[in-house]
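A quick write-up on the structure given underneath.
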2 protein chains.
Amino acid sequence: MAGTGQKLRRQEQLQALLQENPFVTDEELADSLGVSIQTIRLDRLNLGIPELRERVRQVAEGVTAQLKSLSGAELVGELLDVELGHQAISLLAITSEMVFAKTKLARGHHLFAQANSLAVAVIDANVALTGTAQVKFRRPVKLGERVVAKAVVVGGKGTRFNVSVSSSVNGEEVMCGEFVIFAKGLEEDM
Amino acid sequence: MAGTGQKLRRQEQLQALLQENPFVTDEELADSLGVSIQTIRLDRLNLGIPELRERVRQVAEGVTAQLKSLSGAELVGELLDVELGHQAISLLAITSEMVFAKTKLARGHHLFAQANSLAVAVIDANVALTGTAQVKFRRPVKLGERVVAKAVVVGGKGTRFNVSVSSSVNGEEVMCGEFVIFAKGLEEDM
DNA sequence: TCAGGTATTATTACCTGGTACTAATAACAG
DNA sequence: CTGTTATTAGTACCAGGTAATAATACCTGA
């Protein structure tokens, strides 16, 4: 095998370099590791590291996924059922962008986002804004779990609605919350 | 000029298509707009739209900064000041991804996310999870506004902490909330 | 000391998704 | 029917690769 494990060390360095900054060409890598460009290519092949453009594309896509996980759509999660003005149900799968790196437990605000956007969506009005919210996290939610949120309009008068949301994983409640939502006419808003 | 403004309409469509999904080749664009690839190139040149790889790179690079202000990082917003265990301050600029398309008003869960992640960050522990939260949205926050959130640890005993968060725009309070955060040892967690 | 293996480098053909430039048409307005 | 703009076509070239083949370099065990 390699006399002094130079290859191994180099490949580790290569991985470290790319982890730090994936936007580097093979030529630059070859340069900074003091080997030929072919060696870099072989190393990448060996380690299963894709080419620059592919790396950039992966970063770009990952980034958009993260953006969409909290902000892209009107609704956070997937709408399963809705009876406008009465109740709505949505599903949110907990992906790696939503969890703490250390514990793989979902950050509270993602569960909140699902519940809040559902509470807003269930209101049968052009525009609805959250007034107050009170939520309780019953147990941590893990990476990969599928959270079903159910929002029910439990009361309210005029432009003010009370919405109760319960989120559960496999029937076990993980979060519950009470939202006060205000519906607004378009004219008083713009 | 153009007889029926076809060029203008096509260029608008082009921009719309790329806004929606920047990861499309000229060939695919040409195909879906029913023109030749050269026309697409001319249109891009005309509109100052860079090539695919450059667009992907911009998404990957440019948005990393924006991303960190959204959900990827441990904190939503930019940390301005922190005294672990006592208080912390963060800043969140409201971008177009965070608002309702119709009203350009921030969705509640973005403000909640800023506050929640700040409340978790201020706790001086390896792992901290939100137990309960109670928030009140005092007035809508508009696109472009800069929200400053201040989290203060106001009490708690053992592994349980009460954190009070107040968010404001130009000194005017837009949201306030009370969070109960639980600090967890690593061993009971894994 | 030398055969045999791994590691590295070089070379070449080819690919995608372009830029930049030139030239030929097409469409239309006056 | 002529001039102008719009569109399409074609060619040369580029970055940053893949894939394959061949030529060295290096080390190691017998």
Side-chain angles (χ1 to χ4, degrees), chain A residues 1-68 72 96, chain B residues 1-68 72 97:
Chain A
M1 278 289 168
T4 33
Q6 286 177 318
K7 190 179 176 180
L8 247 92
R9 243 179 302 164
R10 189 190 55 232
Q11 292 190 341
E12 280 167 23
Q13 281 183 289
L14 181 62
Q15 284 185 307
L17 279 174
L18 286 178
Q19 188 120 27
E20 195 185 307
N21 176 19
F23 306 167
V24 190
T25 61
D26 285 357
E27 196 173 356
E28 292 167 322
L29 289 167
D31 218 69
S32 67
L33 289 182
V35 291
S36 76
I37 203 168
Q38 285 78 4
T39 300
I40 296 293
R41 316 252 228 230
L42 282 174
D43 283 349
R44 275 201 300 103
L45 204 68
N46 212 288
L47 297 168
I49 299 172
E51 66 173 273
L52 168 63
R53 295 156 189 145
E54 183 57 28
R55 294 195 300 269
V56 173
R57 234 205 60 221
Q58 283 178 7
V59 171
E61 281 187 353
V63 154
T64 39
Q66 288 189 355
L67 281 178
K68 280 176 184 162
S96 59
Chain B
M1 277 291 168
T4 34
Q6 286 177 322
K7 190 179 178 182
L8 245 94
R9 244 181 301 164
R10 191 189 55 233
Q11 292 190 343
E12 278 167 25
Q13 279 183 290
L14 181 64
Q15 283 184 308
L17 280 173
L18 287 177
Q19 188 120 26
E20 194 186 308
N21 176 19
F23 307 169
V24 190
T25 62
D26 283 359
E27 196 171 355
E28 292 168 320
L29 289 168
D31 218 68
S32 68
L33 289 183
V35 291
S36 75
I37 203 168
Q38 283 80 1
T39 301
I40 296 294
R41 315 253 228 230
L42 282 176
D43 282 349
R44 276 203 298 103
L45 203 69
N46 211 288
L47 297 167
I49 298 173
E51 66 172 271
L52 168 64
R53 293 154 188 148
E54 183 58 26
R55 294 196 300 269
V56 172
R57 234 205 61 223
Q58 283 178 7
V59 171
E61 282 190 349
V63 189
T64 11
Q66 213 180 9
L67 174 248
K68 279 173 185 159
E97 300 88 24

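The figures here come from the full heavy-atom set of this structure, side chains too, leaving out hydrogens, waters and symmetry mates. In the text below, chain A, chain B and the rest are named by the order of the sequence lines, each starting its count at 1.
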Rounded to whole Å, please give me the gap between [atom1] in [X] and [atom2] in [N].
X       : N      : atom1 : atom2 : result
B:Leu52 : D:dG17 : CG    : C1'   : 15 Å
B:Ile40 : D:dA6  : CD1   : P     : 15 Å
A:Leu42 : C:dA10 : CG    : C1'   : 12 Å
A:Asp26 : D:dT18 : CG    : P     : 6 Å
B:Arg10 : C:dA27 : CZ    : C1'   : 13 Å
A:Lys7  : D:dA25 : NZ    : P     : 19 Å
A:Asn46 : C:dT6  : CG    : P     : 13 Å
A:Gln38 : D:dA19 : CD    : C1'   : 12 Å

| said: Ignoring hydrogens, what is the shortest heavy-atom contact between B:Glu28 and B:Phe23? Give both atom names and the distance. | reply: OE1-O, 4.5 Å

| Member of A:Thr25, A:Leu29, A:Asp26 meeting the side-chain contact (heavy atoms from CB on, under 4.5 Å) criterion with A:Leu52 | A:Thr25

| said: Do A:Ile37 and A:Arg41 have side chains that approach each other closer than 4.5 Å (heavy atoms only, starting at C-beta)? | reply: yes

| Per B:Ser36 side chain, nearest of listed nucleotides D:dA9, C:dT9, D:dA19 | D:dA9

| said: Test your reading of the model: is there a side-chain donor-acceptor pair from A:Arg55 to the backbone of A:Ile49, 3.5 Å cut-off? | reply: no

Counting the atoms with a prime plus P, OP1 and OP2 as sugar-phosphate, which does [X] contact under 4.0 Å by heavy atoms, base, sugar-phosphate, or nothing?
X       : result
B:Glu51 : sugar-phosphate
B:Ile37 : nothing
B:Arg55 : nothing

| field | B:Arg53 (side chain) and D:dA15 (base): donor-acceptor pair under 3.5 Å | value | no

| task | Kindly say whether, by distance alone, the side chain of A:Arg41 makes a donor-acceptor pair under 3.5 Å with the base of D:dT18? | result | no

| task | Measure the NZ-OG1 distance between A:Lys7 and A:Thr39 for me, rounded to the nearest 0.5 Å. | result | 9.5 Å

